[in-house]
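The structure under discussion appears below in the form of structure tokens.
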Number of protein chains: 2
Amino acid sequence: MKMSEKVLEIEKINEKLTERNGFMANCQRLIDTEDDETFLSVFSTIPDFPVGYASAEKAMALISGKWKYTILRRIFIRRRMRYSELKKSLEADGITDNMLSSSLKEMVQAGLLTKTIYAEVPPRVEYSITAKAIELYRIILRLAMWYITYEKKELQELLEAAETKDL
Amino acid sequence: MKMSEKVLEIEKINEKLTERNGFMANCQRLIDTEDDETFLSVFSTIPDFPVGYASAEKAMALISGKWKYTILRRIFIRRRMRYSELKKSLEADGITDNMLSSSLKEMVQAGLLTKTIYAEVPPRVEYSITAKAIELYRIILRLAMWYITYEKKELQELLEAAETKDL
DNA sequence: CTGAATCCTAAACGATACTG
DNA sequence: CAGTATCGTTTAGGATTCAG
């Protein structure tokens, strides 16, 4: 490897880091806006940044699928679980080995779970949650709250309609 | 409708509201925890509440699919767009009428967009964003930031590896 | 016990044509 | 202009079997 190649590689990484720092700053600016009008004004001033937008999609892809969120929740309760415990815990929901193992593999790959293999007979494998998964879960909680907030508004309307209903 | 039925209906709605208020409070408690250890401790004390957990999945379902997030982003820039504008704007990405119209329909149904039909010839239809969509977008931005934070860590490691690499 | 491999089904997606 | 209807394709998910 030549000196010039090394410099080029370092430059390339630094460029990516700079891009991402800029995107992070813009995200924070948007989140911090106090009202919707300001949000939209700021939004329209931010240049299109495909790499940043793709990151939201990639993040959602990491927890997409029918089982990942359910699996994550189970492990959160116990902090770490072995394969058979998870299987037993999720059997009532109808999960198959196929889905469980492939979901676990993807979540380990995504850095949401840590897989520990113990050299025992019979083999023991444990999955534990990572700090990255906990941070993600905080955001998922916000999503849940967002959904419920609007569900509550609908329920309030139903309530008022029911209370004023003629007999 | 009898008096007893009306009372029963009101009671049922109030029960649902109480459930959701409890879930919201627990969500907030979790989000407010300062460190991961506290998060997990609190998490394990919270009783299982399927309705609440389902809400996170429902929220994610509202923006799942190949096009919804992309469409939302486009409309955010302009605040309101007509069908043909959206179509033209997304044609380079390869969207078809089929996907665009069905996605729009679902997003209107979800309360993320408002559809306005103008009684003109030729017909004019505009889609505008709602306050609900803006609140959702703030959360999506947090997801993006979460993803990029860990991507940056990986880039930092690559950078260090590149800098210490022998020539 | 902890999965991977195979095959099959159902749902999402895409291409094309057509309409009020 | 703003869609819908139809049909073909791709992919996610499920059932079953087998292996280290």
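Computed over heavy atoms, backbone and side chain alike; hydrogens, waters and symmetry mates excluded.
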Check your understanding: Are the side chains of B:Asn26 and B:Val42 in touch, meaning some heavy atoms are under 4.5 Å apart?
Key ->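 When only atoms from C-beta onward are counted, B:Val42 and B:Asn26 do not touch, as no gap falls below 4.5 Å.
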
Check your understanding: Tell me, do B:Leu62 and A:Trp146 make a side-chain contact under 4.5 Å, heavy atoms counted?
Key ->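 When only atoms from C-beta onward are counted, A:Trp146 and B:Leu62 do touch, with a gap below 4.5 Å.
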
Nearest whole Å is fine: how far is [N] [atom2] from [X] [atom1]?
X: A:Lys87; N: D:dA15; atom1: NZ; atom2: C1'; value: 12 Å
X: A:Lys88; N: C:dC1; atom1: NZ; atom2: C1'; value: 14 Å
X: B:Asp97; N: D:dC1; atom1: CG; atom2: P; value: 12 Å
X: B:Met81; N: D:dA2; atom1: CE; atom2: C1'; value: 14 Å
X: A:Leu100; N: C:dA5; atom1: CG; atom2: C1'; value: 16 Å
X: A:Ile117; N: C:dA4; atom1: CD1; atom2: C1'; value: 14 Å
X: B:Ile95; N: D:dT4; atom1: CD1; atom2: P; value: 13 Å
X: A:Tyr83; N: D:dA19; atom1: OH; atom2: C1'; value: 13 Å

Heavy atoms under 4.0 Å, any strand shown: does [X] hit a base, just sugar-phosphate, or nothing?
X: A:Ser84; result: sugar-phosphate
X: B:Tyr127; result: sugar-phosphate
X: B:Lys105; result: sugar-phosphate

Exercise for review: Return the orientation label for the B:Phe39 and A:Phe76 ring planes: parallel under 30°, perpendicular over 60°, tilted otherwise.
Suggested key: perpendicular

Review point. Cut-off 3.5 Å, side chains only: do A:Thr33 and B:Arg138 have a donor facing an acceptor?
Key: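 Present: a donor and an acceptor within the cut-off.
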
Exercise for review: Could you tell me whether B:Arg79 and A:Glu37 make a salt bridge, using a distance below 4.0 angstrom between a side-chain N and a carboxylate O?
Suggested key: yes

Check your understanding: In terms of the nearest nucleotide of DNA chain C, which residue is placed more toward the 5' end: B:Gly65 or A:Arg124?
Key ->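 By nearest-heavy-atom nucleotide position, the 5'-most residue is A:Arg124.
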
Any side-chain N or O of [X] below 4.0 angstrom from OP1/OP2 of [N]?
X: A:Lys115; N: C:dG3; value: yes
X: A:Trp67; N: D:dA12; value: no
X: B:Arg82; N: D:dA2; value: yes
X: A:Thr96; N: D:dG14; value: no

Exercise for review: On DNA chain D, check which nucleotide each of A:Lys66 and A:Pro123 is closest to and give me the residue with the more 5' one.
Suggested key: A:Lys66

Study note, to complete from the structure: Picking from C:dG3, C:dA5, C:dG14, the nucleotide nearest the side-chain atoms of A:Asn98 would be C:dA5

